[in-house]
Engineer: 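Okay, handing you the structure first.
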Protein chains: 2
Amino acid sequence: MYTGRMSAPRTARQRARDELTREILAAARRQLAEVGASALSLRAVARELEMASSAIYRYFSSRDELLTALIIESYNELGVAAERGDDPGAEPGERWMGTWRAVRRWALDNRHEFALLYGTPVPGYAAPEDTIGPAGRMALCLARIITDAKAAGLLSLPDAPACPPGAIEEELTRLIPEAESTVEEVARLIQAWNRVIGVLSFELHGHFNNVTADSGAFFDYTARTAGAYVGLPLD
Amino acid sequence: MYTGRMSAPRTARQRARDELTREILAAARRQLAEVGASALSLRAVARELEMASSAIYRYFSSRDELLTALIIESYNELGVAAERGDDPGAEPGERWMGTWRAVRRWALDNRHEFALLYGTPVPGYAAPEDTIGPAGRMALCLARIITDAKAAGLLSLPDAPACPPGAIEEELTRLIPEAESTVEEVARLIQAWNRVIGVLSFELHGHFNNVTADSGAFFDYTARTAGAYVGLPLD
DNA sequence: CATAAATGAGAGCGCCGCTCTTGCGGTCAT
DNA sequence: ATGACCGCAAGAGCGGCGCTCTCATTTATG
């Protein structure tokens, strides 16, 4: 139904269709930001666009499909935010911290979107296929920082338990082909990624309410610790 | 409305009320396990108990309140599972790993309950007051392991960035009064706790789908790494 | 025993996701 | 240019939801 990115519009009808698709998505996005995914209603979107609720189904065959489109959009936005936070000219440690701080800022400014990405999967399940690409965008950004640091000879893994063989998909070592990553390096990046996202989730979901006194400082602290764990030089 | 643990039943009416309250909770719990929190419906619970849906409101004034009761129940169950996984006579490392493995088993067997605890907060917000006690039960179990290890002189923190002052609530150092924990120790425990729960969340929510090949092994690996980080002796 | 409180059932309100039918208007081949 | 066709929007409607209100019945209490 929802054909993802729309190709070059031909007829006037297709042009109108594409435009309306975008408008629906935009209205849904506004609703998501306001009331969250669980309260997002197709009928309210239709009301905002002054059209019959049944007409929405010409563009998105179900509420879940609309949510999936919003998930993809959000993953991409988060990826863009991460990329913007990374200054490729800076030191590896600064790049790492800058990226994560940008991710946190995006999450704080878009908490419902963040919850949609990293919270409980709301529907039966979102479309797995269409989401894996955008989902990896932020991780790829982090992987580049480490790869660059390694190429510059600045990567040194501190002592820690070794990753048991077979725990992670070894194909991930070829995610950035020229990097020639080791299993250990990849395992640490996955852990670091999981760790910092986990801190953000806890902060946003209120699990740190009586735990952290300065959640921003604690986030920085965690990102720094995770960065040191993957071998980046951080003072 | 829902008066939490019910006091000693006096009249027959109160006895019946307490029993029905428990039955509603049990039916709701069954539904939660089957269809998850977002699809849990008061009306379906009433149907299963063969009573009018409006009658439920004599016991729980809203769906959110029912969910909150389920949250408390689940926190306690998780706490019990953690305590059962901890053999106080074993070595600190074994205690740590045993506790976490028990937590994971509980989460895998009760994924909807786990999602309710550590996923997106579904309603406007669950009751904060009544949940903080049960929520800390598992964390307390972990803190005891570390305290015991410290008392036995087996705790040694590996090098890592220091926790910046003011990041965490310093009162947490007095959570176990006789432990005399340092800020650094507490900060590491919080991070470790967050880290392992984060791995579980990612696993259960499908974020590790094309990432880990053996999620059990990866979980163990993470728990081990986190245990080493808090200073426990782990081989 | 009478009064007050607690309880349960039913009807009903306004939402929701989703489907089906109907009619209109643009598209396109003949 | 005309007629068949298809995309589209609208409306009605289905069953389900959370929640409220009323009313009868049952139970506890003075």
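Numbered from 1 within each chain, the chains take letters A, B, ... in sequence-line order.
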Engineer: Starting the side chain at C-beta, find the nucleotide from dC18(C), dC19(D), dA10(D) nearest to Leu42(A).
Structural biologist: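 Nearest listed nucleotide: dC18(C).
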
Engineer: Under 4.0 Å from OP1 or OP2 of dG10(C): is there any side-chain N or O of Ser54(B) that close?
Structural biologist: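 No.
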
Engineer: Would you mind checking if Glu48(A) and Arg43(A) are paired as a salt bridge, meaning a charged N to carboxylate O distance below 4.0 Å?
Structural biologist: no

Engineer: Counting just side-chain N and O atoms, does Tyr57(A) come under 4.0 Å of either OP1 or OP2 of dC8(D)?
Structural biologist: no

Engineer: In whole angstrom, give the distance that lies between atom CD of Gln14(B) and atom C1' of dT26(D).
Structural biologist: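 Those two atoms, CD and C1', are 16 Å apart.
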
Engineer: Tell me which of Ala39(B) and Ala12(B) sits closer to the 5' end of DNA chain D, going by the nucleotide each one is nearest to.
Structural biologist: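 With Ala39(B) and Ala12(B) compared, the 5'-side residue is Ala39(B).
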
Engineer: Consider the side chain of Ser41(A), meaning its heavy atoms from C-beta on, and name the nucleotide among dC17(D), dG17(C), dA9(C) that approaches it most closely.
Structural biologist: dG17(C)

Engineer: Side chains of Phe202(B) and Val211(B): closer than 4.5 Å at any heavy-atom pair?
Structural biologist: no

Engineer: dG17(C), dC8(D), dT7(C): which one has an atom nearest the side-chain heavy atoms of Tyr59(B)?
Structural biologist: dT7(C)

Engineer: Strictly below 4.0 Å, N to O, side chains only: are Asp220(B) and Arg104(B) in salt-bridge contact?
Structural biologist: no

Engineer: Side-chain contact, heavy-atom cut-off 4.5 Å: Thr212(A) with Glu169(B)?
Structural biologist: no

Engineer: Measure the distance from CG on Asp64(A) to P on dC16(C) and round it to the nearest whole Å.
Structural biologist: 16 Å

Engineer: Whole Å only: how far is the CD1 atom of Ile56(A) from the C1' atom of dG11(D)?
Structural biologist: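 Nearest whole value for this atom pair: 15 Å.
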
Engineer: Starting at CD of Glu23(A) and ending at P of dA9(D), how long is that distance when rounded to a whole Å?
Structural biologist: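 Interatomic distance, CD of Glu23(A) to P of dA9(D): 11 Å.
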
Engineer: What integer distance in Å separates Leu49(B):CG from dA9(C):C1'?
Structural biologist: 15 Å

Engineer: Round to the nearest Å and state the distance from Arg47(A) atom CZ to dC15(C) atom P.
Structural biologist: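 Those two atoms, CZ and P, are 7 Å apart.
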
Engineer: The side chain of Ser53(B) lies closest to which of these nucleotides: dT29(D), dA9(C), dC19(D)?
Structural biologist: dC19(D)

Engineer: Looking at Arg17(A), I'd like to know whether one of its side-chain N or O atoms comes within less than 4.0 Å of OP1 or OP2 on dG7(D).
Structural biologist: no

Engineer: As a test of reading the structure: which of dG8(C), dC19(D), dG13(D) is closest to the side chain of Arg43(A), going by heavy atoms?
Structural biologist: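 Minimum distance to the Arg43(A) side chain belongs to dG13(D).
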
Engineer: Distance check needed: dT7(C) P versus Asp18(B) CG, whole Å only.
Structural biologist: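 One finds 10 Å between P of dT7(C) and CG of Asp18(B), rounded.
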
Engineer: Rounded to whole angstrom units, what separation is found between the CD atom of Gln31(B) and the P atom of dG16(D)?
Structural biologist: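 Taking CD of Gln31(B) and P of dG16(D), I get 13 Å after rounding.
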
Engineer: Taking the side chain as everything from C-beta on, heavy atoms only, tell me whether Tyr118(A) gets closer than 4.5 Å to Leu78(A).
Structural biologist: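 Side-chain contact under 4.5 Å: yes.
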
Engineer: Side chain of Arg13(B), heavy atoms from C-beta onward: which of dC16(C), dT7(C), dC8(D) has the nearest atom to it?
Structural biologist: dT7(C)

Engineer: Let's see if you can work this out: which of dG8(C), dC8(D), dG18(D) has an atom nearest to the side-chain heavy atoms of Arg58(A)?
Structural biologist: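 Nearest listed nucleotide: dC8(D).
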
